[in-house]
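First up is the structure itself, then whatever we jot down about it.
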Amino acid sequence: MLDSKILRSDLDMVVEKLKTKNFNFDVDAFNQLEERRKSLQVSTENLQSQRNSRSRAIGEAKAKGDDIQPLLDEVASLGDQLKNAEGELGALQDQLDSLLFGIPNLPDASVPQGNSEEDNTQVLTWGEKPVFDFEPKDHIDLGQAIGGIDFERAAKLSGARFVTMTGPLVTLHRALIQFMLNQHTLQHGYTETYVPYLVNESSLFGTGQLPKFKEELFHIESENHDLYLIPTAEVPVTNFVAASIVEAKQLPLKFVAHTPCFRSEAGSYGKDTRGMIRQHQFEKVELVQVVKPRESMNALEELTGHAETILQLLGLAYRKVILCGGDLGFASTKTYDLEVWLPGQNAYREISSCSNMTDFQARRMKARWRNPETGKPELVHTLNGSGLAVGRTLLAIMENYQRADGSIEIPDVLLPYMHGMTEIRG
RNA sequence: GGAGAGAUGGCUGAGUGGUCGAAAGCGCUCCCCUGCUAAGGGAGUAUACGUUAAUAGCGUAUCGAGGGUUCGAAUCCCUCUCUCUCCGCCA
């Protein structure tokens, strides 16, 4: 959510910046609503003021033992007028709110113009793409050869976009999670957290998934419950600081959480239908930071670096891009995507997305810190990034570490977690 | 699942219809005193919105959330959420 003050004071700048995010702001509609809101608010507050002073007078008169009936007659019509005015103002405020809630965060000046993935700018590439003296398979064929990855079985249980895995590949999957968590807690200074996988509407509003992106969520509604499956650990973890004031000396807060993520993938029919790239359910190790506003851009570099370290330690070639305005997420002011090289697809594919949300989520969540310089509570900045998406990391390892006979070598850093296994074969 | 208690400012906690944005204490800030430290004295100390050149004044809202009663609600009524205690059940 943007600061409604800058909408009023610097609307042109806001509209201009939103254009780079391909968001067309209806200036006329906003101005009209604003005008009406202003006059209605003033007149409503006048009525409230009258009511308050009259009521006080009645109280005083009563205390003195005077006859209050004439005073009561005077205020007889005030109640109805007030009720009308308050109702009208409330309805108008709701309209303005729903407008405001739907406006994305403003992009940083360093964000390139553009409409789609193609316009993202590459910052760097790391590592050597593996060279094979045979035709590399994709993870689906590899999984089939080794056994243990079964999409049809999952379809029987749940439907499309699910998978069951059995055997050593699942051990590798678990090893990845352990490795990532250990790296982030022991080397990068994050605090490990355990969180609910079902969250309420207000949490999702706080991080920006609601009200605008409801169709992308799994909604659990029953007689006694109204909850959503988390699409990412960002939601529960970032909301740790919702409706609170954090002491300056506690910042930055750095949390890491391993959770499943659930996404309905509505609107992505026909996209990545094969394999494990795009699933309704996947595991992710998520990094979240809560920082002082001044430090958030540095924190984004740091956090992205932490995700990159995982790729580097796993020896996976990747490239780092800055998302262009059109590809940038709703709540983000700047996002780095890390794209891992997949030999089976002969392409780089997203494996991590690291974003600085500045005060956008903090304002929705009312997450603040006490600034010692002013003594006042001010909004914090929040950041998050995948460190990494585990399912995609698993298939990246399968495809990058495959051998001619279809077996898969285990990267060195994972060996301590594989209880003796050095390779996986069918 | 059954029975009961509760939710007030950064924190603890008073307040059961009127001048209450809210006593008191703690914490914090500033000042005074005191030859260190400690102790003591005084003043200040919520947030949002509107108006405004203004972080000055003034106005409005906010005592878990939403509704209601009333001229007037932290206080009374209803619904919901959450917390705690006891009993039962249970991974």
### Task
Whenever both distances are under 3.5 Å in a Watson-Crick or G-U wobble pair, mark it; put RNA chain B into dot-bracket that way, with [ ] for crossing pairs and | when the partner is on another strand.
((((((((.[[[..)..(.....]]]((((((.......))))))((((((.....)))))).[[[[[..)....]]]]])))))))....

### Task
For RNA chain B, determine which residues of residues 31-50 of chain A have any heavy atom closer than 4.0 angstrom to one of its atoms, and list them numerically.
R37(A), K38(A), Q41(A), V42(A), E45(A), Q48(A), S49(A)

### Task
Classify the side-chain pair Y228(A)/Q209(A) by whether it contains a donor and acceptor separated by less than 3.5 Å.
no

### All pairs passing salt bridge (charged side-chain N to carboxylate O under 4.0 Å, His left out) where residues 416-426 of chain A contributes a residue, at least two apart
R403(A)-E423(A), D405(A)-R425(A), E423(A)-R425(A)

### Query
What residue pairs, at least two apart or across chains, pass salt bridge (charged side-chain N to carboxylate O under 4.0 Å, His left out) with a residue in residues 249-268 of chain A?
K254(A)-E302(A), E265(A)-R278(A)

### Query
What does K5(A) touch in the nucleic acid at a heavy-atom separation under 4.0 angstrom: a base, only the sugar-phosphate, or nothing?
sugar-phosphate

If you restrict it to nitrogen or oxygen atoms, what contacts under 3.5 Å exist between nucleotides 66-72 of chain B and the protein, and what is each distance?
| residue | atom | partner | partner atom | Å |
| --- | --- | --- | --- | --- |
| C71(B) | O2' | S55(A) | OG | 3.2 |
| G72(B) | O4' | S55(A) | OG | 3.0 |

### Query
Among residues 233-248 of chain A, which contact RNA chain B at a heavy-atom distance under 4.0 Å?
I245(A)

#### Entry: Name of the residue among Q32(A), R36(A), R37(A) meeting side chain to side chain donor-acceptor pair (under 3.5 Å) with E34(A)
R37(A)

### Task
Establish, with yes or no, whether the OP1 or OP2 oxygen of U55(B) is under 4.0 angstrom from a side-chain nitrogen or oxygen of K376(A).
no

### Query
Should T171(A) and Y417(A) count as side-chain neighbours, where that means a heavy-atom distance under 4.5 Å?
no

### Residue whose closest nucleotide on RNA chain B lies nearer the 5' end, A63(A) versus R370(A)
R370(A)

